[in-house]
Protein chains: 2
Amino acid sequence: MELEATEQRILDAAEELLYGRGIQSVGMDAIRTASGVPLKRLYQIFPSKNSLVEAYLRRRDARWLRDLAQYVDTYDSPEQRVLAVFDWLFLWFNEQGFRGCGFINAFGELGATSPAVADSAKAHKNAFRRCLADLVAAADAPAWLTDQLVLLAEGAMTTAAISGSPEPARHAKDAARTLLRTAHTGIAPAD
Amino acid sequence: MELEATEQRILDAAEELLYGRGIQSVGMDAIRTASGVPLKRLYQIFPSKNSLVEAYLRRRDARWLRDLAQYVDTYDSPEQRVLAVFDWLFLWFNEQGFRGCGFINAFGELGATSPAVADSAKAHKNAFRRCLADLVAAADAPAWLTDQLVLLAEGAMTTAAISGSPEPARHAKDAARTLLRTAHTGIAPAD
DNA sequence: CATCCTAGAAAACGAACGTTCTCTTACGGT
DNA sequence: ACCGTAAGAGAACGTTCGTTTTCTAGGATG
């Protein structure tokens, strides 16, 4: 059955266009042209643009988290594994066509009008936070460090996107290292 | 001349809609209805939707930076002035209808297809960075701290928007305080 | 060989949008 | 009072887009 292959062709083309240009800037005709799949078959597999957008977000969410986890797993030391997140961000920011986090972009564009998109962004960011929380716990760092590292990572994504430079990943890693060391030596933040 | 007043009425309505729903989700007719200004006059003042969008971004940029600077100016100590940025973010995140940074949202939606929007976002973020850099310099902190604080602030904006909670501002302030103290005591990050 | 079913290409449809035009109304100057 | 001007309300126009339909051809089946 080549249905699976056709679905992948559609999703590959859709992801490049939807992520690269923004969701509402891409028409179904552009996805048809890019994928080479006729409109009729396209609508047989994805009965609406909404369902295609949701499939795009689902697949991107899964792949993004999987790739991150795989990269982190190439490190052994718990502290290095925490910091490896930011090395991976640096690699991501250097990819051709990088245009920020697809979920932040989708949320900004459609979060107010589409609960499905808003929920998808929330779920993706929650999953990322959980991933980071596990790494923080494994490094014997206090749980509140997680929230701070999340902010550094999210800030790096948008700053890298808008500035067009991957450097924010390095700055985020520098800050993360400082916070990790400070937390590790037991100095808790106070007012 | 009530032209000025009409322009403000249009911009007020446009900002609430464009920021609140996303740019492409808002039609000129909705802006007409919300502002009460007839389409004919609307197009006399803003000859296209693009020009209205750019005016919206220009005005929001100026007001946002002005409000931030005004808030920071209510503090005296250089360190407090740096941290006040995050207190101000907390206030902003608590505003009704908060939906993240309008420039991050606009960039995600239209940055790839509209150089004007992309440049506007770049300029806004550069201006914010300069503002933070001045506060960092006044606090006798090293210049590289600026980039780290920028990431915390940007991350707090998107995280607060997607999670729907203002707490990221507090977490960002906690992290900023740690980084500021560490930097101030002369401990530079190393590998 | 005839027939039915499927699939691809592209036209077509209905809605929405950005933009312009028309029609009516009211006002200001002589 | 009269006429030129502008302004408001909304229809209209041309385009784009999501979605559906039509038309044509080929391939499997009896």
Side-chain angles (χ1 to χ4, degrees), chain A residues 1-58 105-106 108-117 120, chain B residues 1-57 105-106 108-110 112-117 120:
Chain A
M1 185 73 73
E2 64 161 356
L3 189 147
E4 205 74 17
T6 306
E7 189 172 325
Q8 292 307 312
R9 283 236 313 273
I10 296 171
L11 282 172
D12 288 344
E15 179 160 4
E16 178 162 345
L17 288 168
L18 296 173
Y19 172 75
R21 294 191 204 162
I23 293 171
Q24 291 182 109
S25 299
V26 174
M28 292 297 277
D29 219 56
I31 294 171
R32 182 200 86 176
T33 302
S35 67
V37 176
L39 231 43
K40 194 178 182 180
R41 204 127 120 77
L42 213 162
Y43 272 92
Q44 282 170 357
I45 298 173
F46 299 101
S48 70
K49 185 182 179 180
N50 274 349
S51 73
L52 177 53
V53 167
E54 285 163 33
Y56 145 62
L57 291 173
R58 258 195 311 275
N105 293 349
E109 183 174 356
L110 295 170
T113 57
S114 162
V117 167
S120 164
Chain B
M1 187 71 75
E2 64 160 357
L3 189 147
E4 205 72 18
T6 307
E7 189 172 325
Q8 291 308 311
R9 284 237 311 275
I10 297 170
L11 282 173
D12 288 344
E15 178 159 3
E16 178 163 345
L17 289 167
L18 296 173
Y19 172 74
R21 295 192 205 160
I23 293 172
Q24 291 181 115
S25 299
V26 174
M28 291 297 277
D29 220 54
I31 293 171
R32 185 200 83 175
T33 302
S35 67
V37 176
L39 232 43
K40 194 178 182 181
R41 203 129 124 75
L42 212 163
Y43 272 92
Q44 282 170 0
I45 297 174
F46 298 102
S48 71
K49 185 181 180 180
N50 274 348
S51 72
L52 178 54
V53 168
E54 285 162 32
Y56 146 61
L57 292 173
N105 293 349
E109 182 173 358
L110 295 170
T113 57
S114 161
V117 168
S120 164

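The figures that follow rest on heavy atoms only: side chains count, while hydrogens, waters and symmetry mates do not. Keep in mind it's a predicted model, so treat the numbers as computed, not measured. Residue numbers begin at 1 in each chain, while the letters A, B, ... track the order of the sequences.
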Item to check | B:L52 side chain reached by B:L42 side chain, heavy atoms, under 4.5 Å | outcome: yes
Checklist entry - Can you list, by residue number, the residues of residues 19-36 of chain B that have a non-hydrogen atom closer than 4.0 angstrom to DNA chain C? => result B:V26, B:G27, B:M28
Checklist outcome for this item: Hits for side chain to side chain contact (heavy atoms under 4.5 Å, CB included) against A:A55, two or more places apart or cross-chain, chain-then-number order -> A:L11, A:F46, A:R58
Checklist entry - A:V26 and A:G22: which non-hydrogen atoms are nearest, and at how many Å? => result CG2-O, 3.4 Å
All N/O contacts under 3.5 Å from nucleotides 4-8 of chain C to the protein, with atom names and distances to one decimal?
residue: C:dG8; atom: OP2; partner: A:R41; partner atom: NE; Å: 3.3
residue: C:dG8; atom: O6; partner: A:K40; partner atom: NZ; Å: 2.8

Checklist entry - For B:D12, what residues pass the side chain to side chain donor-acceptor pair (under 3.5 Å) criterion, not counting sequence neighbours? => result B:R59
Checklist outcome for this item: For B:A13 and B:I31, the nearest pair of non-hydrogen atoms, with its separation, is CB-O, 4.3 Å
Next on the checklist: I need the full list of side-chain hydrogen bond (donor to acceptor under 3.5 Å, both in side chains) pairs touching residues 27-45 of chain A, with sequence neighbours left out, sorted by first then second residue.
Outcome noted: A:E2-A:R41, A:T6-A:R41
Item to check | Axial bend angle, the helix from C:dC1-D:dG30 to C:dT30-D:dA1: five-pair end segments, nearest 10° | outcome: 20°
Next on the checklist: With heavy atoms of chain A within less than 4.0 Å as the criterion, where does contact along DNA chain D begin and end?
Outcome noted: D:dG18 to D:dT22
Next on the checklist: Rounded to whole Å, please give me the gap between CG in B:L39 and C1' in C:dT22.
Outcome noted: 14 Å
Next on the checklist: On a heavy-atom basis, which atom in A:A106 and which in A:V117 lie closest, and how many Å separate them?
Outcome noted: O-CG1, 3.5 Å
Next on the checklist: Donor-acceptor pair, distance only, cut-off 3.5 Å: does the side chain of B:E109 make one with the backbone of B:Q24?
Outcome noted: yes
Checklist outcome for this item: One should read off an interatomic distance between A:L57 CG and A:L110 CG, to the nearest 0.5 angstrom, of 9.0 Å
Checklist entry - Can you list every side-chain hydrogen bond (donor to acceptor under 3.5 Å, both in side chains) pair that touches residues 45-54 of chain A, not counting sequence neighbours? => result none
